[in-house]
Amino acid sequence: MAWIASAFKALCLSFLFVSVACRSTNGSKTFTSIWKSACARSGSSKIYVPNGTFYLGGAVVFEGPCINQIEFIIDGTLLAPSNPGDIKNKTWINFRYINNLLISGAGTLDGQGKESWKLNDCSKNPSCPILAMVSFLNHFIHSYNLVYKTFDYSNMGFAFVNNSRINGITSLNSKMGHFDFFSVHQFNITGVTIKAPGDSPNTDGLKFGFCSNIHISDTHIGTGDDCIAILSGVTDMDISNVKCGPGHGISVGSLGKGKDDKDVNGLTVRDTVFNGTSDGIRIKTWESSISQIVVSHLVYENIQMINVGNPINIDQKYCPYPPCKKKGESHVQIQDLKLTNIYGTSKNKVAVKLKCSKSFPCKNVELVDINLENKGSKGPSTAVCENVHGSAHGKMVPEHCLNGPW
Ligand SMILES: *[C@@H]1O[C@H](CO)[C@@H](O)[C@H](O)[C@H]1NC(C)=O
Ligand SMILES: *[C@@H]1O[C@H](CO)[C@@H](O)[C@H](O)[C@H]1NC(C)=O
Ligand SMILES: *[C@@H]1O[C@H](CO)[C@@H](O)[C@H](O)[C@H]1NC(C)=O
Ligand SMILES: *[C@@H]1O[C@H](CO)[C@@H](O)[C@H](O)[C@H]1NC(C)=O
Ligand SMILES: *[C@@H]1O[C@H](CO)[C@@H](O)[C@H](O)[C@H]1NC(C)=O
């Protein structure tokens, strides 16, 4: 215990502008009381985590509203307990109901996820956390508190946070997702590094639901799941200069399973590299989905694919774990999608996969200058289309298979 106590002594001493009594050796409690004083202070506050390793052995919640802007500077390493039970199977570090928060620094959030990854494998474990998460998201909009009853032991979560940003920290080996955002508006993420092994299940990099006006740039994400997951109700998101790999690419969805799912509208992904990922540009909607929603105005431009499994992949028959009911077609309408200057190498022969819904065919899909070569041994790359209307211009490798304008 001694090193923890002295670590927190150092933490308290270096806490710049708010003085607190640091008697407790429980890291979470110390942090929470520092936060409370900072939050109640008039005038802006800084909370500083200096160089060194600090064990933060429980889940911690930083809740507003706060009187003023708070800057959280992390230069050291915050270490999570390795047992997810120690953070009650919930998100480790939580920010809620806050405006004007800045998280910065050269430090690291180390989720120590290795022990919990075996719990995350839904293909083998029907009560796995991600299934709880899916059913939870279905009800989320009505009852926010449910989130705290489900499993989602992410490194850091933001809910009802506006006008804020993260700049420069590293998130390592989260137990599940690295950063989760729910009902977050006007939020910028720059210079962030996110790392977990390519075979660590459900370690999404950045995950968004019911968010708007999000900017992500100059960020490097390599995990065992989606680099960026864009879920229900996300509007106006701008992604640029992101490096993604290993991982499952930048995904819109999965969508359409829950009856309270909302539209996704306005996404731009520019100047981004996918390196060794299973997928690149991906949109997935559940087959036989019940919610009738629209995914529209998506722009992808200047995207390099390096040995990517499925560089362009629209899948409206998504069903990752059985049983798949196969009761009907997806009710999610995908429209106004523009892909410009997408180039590089595909690991599979099918480099462009556009499998849309029979009931709601994809509309106004525009392809401009696509150059994706097959790196495998099976000959030139190909495209597959189902129920997709649009147009193509410029270089087109593989040859497109769109159904003409609609
Ligand atoms: C913190 O550690 C980093 C990397 O080891 C070093 O570059 C930096 O100067 C240190 N900062 C302080 C205030 O000690
Ligand atoms: C956390 O999840 C594990 C695995 O599902 C479960 O056995 C354990 O009881 C849970 N612990 C808490 C504190 O909820
Ligand atoms: C946050 O922004 C959203 C969307 O603009 C707005 O509806 C909400 O009231 C804002 N919340 C706060 C606490 O300002
Ligand atoms: C986010 O970045 C955009 C574009 O650079 C900028 O206009 C906006 O003010 C930034 N917002 C925050 C909260 O930093
Ligand atoms: C792609 O990833 C490989 C393997 O990790 C690495 O050697 C290579 O430098 C990366 N290429 C780019 C352009 O980042």
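Only heavy atoms go into these numbers, but all of them, side chains included; no hydrogens, no water, no symmetry mates. Counting convention: from 1, in listed order, for ligands and their atoms alike.
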Whether Asn83 side chain and Gly85 backbone form a donor-acceptor pair below 3.5 Å: yes
Contacting atoms of ligand 4, where contact means under 4.0 angstrom from a heavy atom of Asn188: 1 (C), 2 (O), 3 (C), 8 (C), 10 (C), 11 (N), 12 (C), 14 (O)
Residue Ile306 vicinity, atoms of ligand 5 by number, heavy atom under 4.0 Å: 12 (C), 13 (C)
Contact residues of ligand 3 (heavy atom under 4.0 Å), by chain and number: Asn99, Asn162, His185
Proximal atoms of ligand 4 relative to Ser164 (non-hydrogen, under 4.0 Å): 13 (C)
Summary of disulfide (SG to SG under 2.5 Å) pairs that have at least one residue in residues 228-302, sequence neighbours excluded: Cys227-Cys244
Greater than 12 external heavy atoms within 6.0 Å of Gln186's CD: yes
Residue list, salt bridge (Lys or Arg N to Asp or Glu O under 4.0 Å) with Glu399, at least two apart or on another chain: none
Proximal ligand 5 atoms for Asn275, defined as those under 4.0 Å from one of its heavy atoms: 1 (C), 2 (O), 3 (C), 8 (C), 10 (C), 11 (N), 12 (C), 14 (O)
Where ligand 4 meets Arg165 - atom numbers and elements under 4.0 angstrom, heavy-atom basis: 14 (O)
Other residues, nucleotides, ligands: >12 heavy atoms within 6.0 Å of Lys36 NZ: no
Positive for side chain to side chain contact (heavy atoms under 4.5 Å, CB included) with Phe208, one of Leu231, Val264, Ile216: Ile216
Pairwise disulfide (SG to SG under 2.5 Å) hits with a residue in residues 40-109, at least two apart: Cys39-Cys66
Donor-acceptor under 3.5 Å (Asp263 side chain, Val294 main chain): yes
